[in-house]
A.B. asks: 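Below is one structure. I have some questions about it.
Read the numbers this way: they start at 1 and go in the same order the structure lists the ligands and their atoms.
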Amino acid sequence: MEVTKAVIPAAGFGTRFLPVTKAQPKEMMPVLDKPTIQYVVEEAVEAGIDDILIITGRGKQAIERHFDKSYELEEELEADGKLDRLDRVQEIADLADIHYVRQKEREGLGDAVLYARKHVGDEPFALLLGDTIIENDRGCTETLIKQAEEYESSVLSLERVPCEQVPSYGVADVDGSASADGSFPVTDFVEKPPQEEAPSNLAITGRYVLTPQIFELLAETEKGVGGELQLTDAIRQLDHVRGVELAGDRYDIGNIPSWLQANIEMAIRHDDGEMNEAVEALLKEQFV
Ligand code: G1P
């Protein structure tokens with residue numbers, strides 16, 4: 001089994017971030033100098049994938065414009081001798097072969113993924129949620145792909161979250177111990193369970209490698225929690241699913257505290273020394 005394609009759903013409303021997201025997609029929220037979805041595309045590219053399908057919807061045109069060539073801007077930067085900025089702008093359009101399909105109605109994450117069926121075909125694929133940045137030393141998607149290829153199985157990235165937060169996530173029911181590489185079989189999943197019914201506090205983090213069986217299952221799955229077609233309800237019917245707990249920092253950009261945290265922590269870790277110092281000085285001034 002070889003994973004050569006990635007799918008990035010970016011069709012949801014950004015209601016928790018209104019009014020910022022009234023006229024711009026939440027996936028375009030900047031973290032430092034890049035929109036969130038660029039980090040997600042870069043994670044897929046770093047995992048060796050150059051065929052990416054982004055699921056968009058109404059009001060999401062800014063995403064296509066961002067990954068397109070920008071002739072006027074490039075000419076202006078060249079004429080002004082701003083060559084380092086020109087490089088950065090050109091790199092975006094050359095990142096990968098990016099395709100788009102529009103979800104017609106917002107019927108849930110499972111419905112959005114079903115729109116990838118024609119493009120992906122009968123192949124396994126990586127799935128990365130477009131509003132979540134994951135930073136760790138070895139790319140999350142790269143690790144999942146290695147394990148999926150080794151076990152010939154779907155693999156999901158999981159993270160232990162505080163118990164009171166489990167109702168916001170898909171949650172795994174795990175049986176058996178982890179193999180040497182840290183992955184383990186998952187027997188069941190439940191989407192957004194009440195805290196007292198959750199089988200664990202191992203939450204789905206927004207990075208998956210799925211076998212194409214998921215499309216058949218999604219097509220037959222009924223709407224679930226919130227009246228939406230839930231991806232998790234189809235994943236729980238897959239023949240084999242493994243989970244892996246990955247270290248690293250995960251930022252769900254759809255809410256303000258997490259978006260602020262992403263900006264601050266990523267500024268401090270950034271290799272631009274001037275920026276690190278400026279942000280650290282600002283924090284000291286405010287909190288020390
Ligand atoms: C989605 C998935 C959920 C997952 C979460 C991660 O939920 O349905 O299983 O745990 O992403 O962020 P959403 O956040 O879109 O409600």
A.B. asks: Kindly indicate whether atom 14 (O) of ligand 1 is approached by any protein heavy atom to under 4.0 angstrom.
C.D. replies: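 No; the ligand atom in question lacks any protein heavy-atom contact below 4.0 Å.
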A.B. asks: With heavy-atom distances below 4.0 Å as the criterion, list the atoms of ligand 1 near Lys192.
C.D. replies: 7 (O), 8 (O), 13 (P), 16 (O)
A.B. asks: Should the pair Lys192 and Tyr169 be classed as cation-pi, given the thresholds of under 6.0 Å to the six-membered ring centre and 45° from the axis?
C.D. replies: no
A.B. asks: Flag this pair as yes if the NZ/CZ of Arg242 is under 6.0 angstrom from the six-membered ring centre of Phe184 and inside a 45 degree cone about the axis; otherwise no.
C.D. replies: no
A.B. asks: Is atom CD of Glu105 surrounded by more than 12 heavy atoms (other residues, nucleotides or ligands) closer than 6.0 Å?
C.D. replies: no
A.B. asks: Looking only at distance, does Leu109 have an N or O less than 3.5 Å from an N or O of ligand 1?
C.D. replies: no
A.B. asks: Enumerate the atoms of ligand 1 whose separation from the nearest heavy atom of Tyr169 is less than 4.0 angstrom.
C.D. replies: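 Numbered from 1, ligand 1 contributes 10 (O).
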A.B. asks: Report, in ascending order of atom number, the atoms of ligand 1 lying under 4.0 Å from any heavy atom of Leu129.
C.D. replies: 11 (O)
A.B. asks: Protein heavy atoms near atom 8 (O) of ligand 1, is at least one of them under 4.0 angstrom away?
C.D. replies: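 Answer yes: something from the protein, a heavy atom, is under 4.0 Å.
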A.B. asks: Can Thr232 be said to touch ligand 1, with heavy atoms closer than 4.0 Å?
C.D. replies: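 So Thr232 counts as touching ligand 1.
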A.B. asks: With atom 10 (O) of ligand 1 as the reference point, say which of Ile235, Ile204, Val166, Asp233 has the nearest heavy atom.
C.D. replies: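 Nearest heavy atom to atom 10 (O) of ligand 1 lies in Ile204.
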A.B. asks: Among protein heavy atoms, which sits nearest to atom 2 (C) of ligand 1, and what does the distance come to when rounded to 0.1 Å?
C.D. replies: Glu191 OE2, 3.6 Å
A.B. asks: Check the orientation of Trp259 and Phe17. Use parallel for under 30°, tilted for 30 to 60°, and perpendicular for over 60°.
C.D. replies: perpendicular
A.B. asks: Salt bridge check: are Asp97 and Lys5 linked by an N-O gap of less than 4.0 Å?
C.D. replies: no
A.B. asks: Please state which part of Leu231 comes within less than 4.0 Å of ligand 1, counting heavy atoms only: side chain, backbone, both or neither.
C.D. replies: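 Looking at Leu231 and ligand 1, no heavy atom falls under 4.0 Å.
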A.B. asks: If you count heavy atoms of other groups shown closer than 6.0 angstrom to CZ of Arg58, is the number above 12?
C.D. replies: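 Check fails, neighbour count at 12 or below.
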A.B. asks: Of Thr36, Thr15, Asp131, which meets side-chain hydrogen bond (donor to acceptor under 3.5 Å, both in side chains) against Lys26?
C.D. replies: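 Of all the options given, the one that passes is Asp131.
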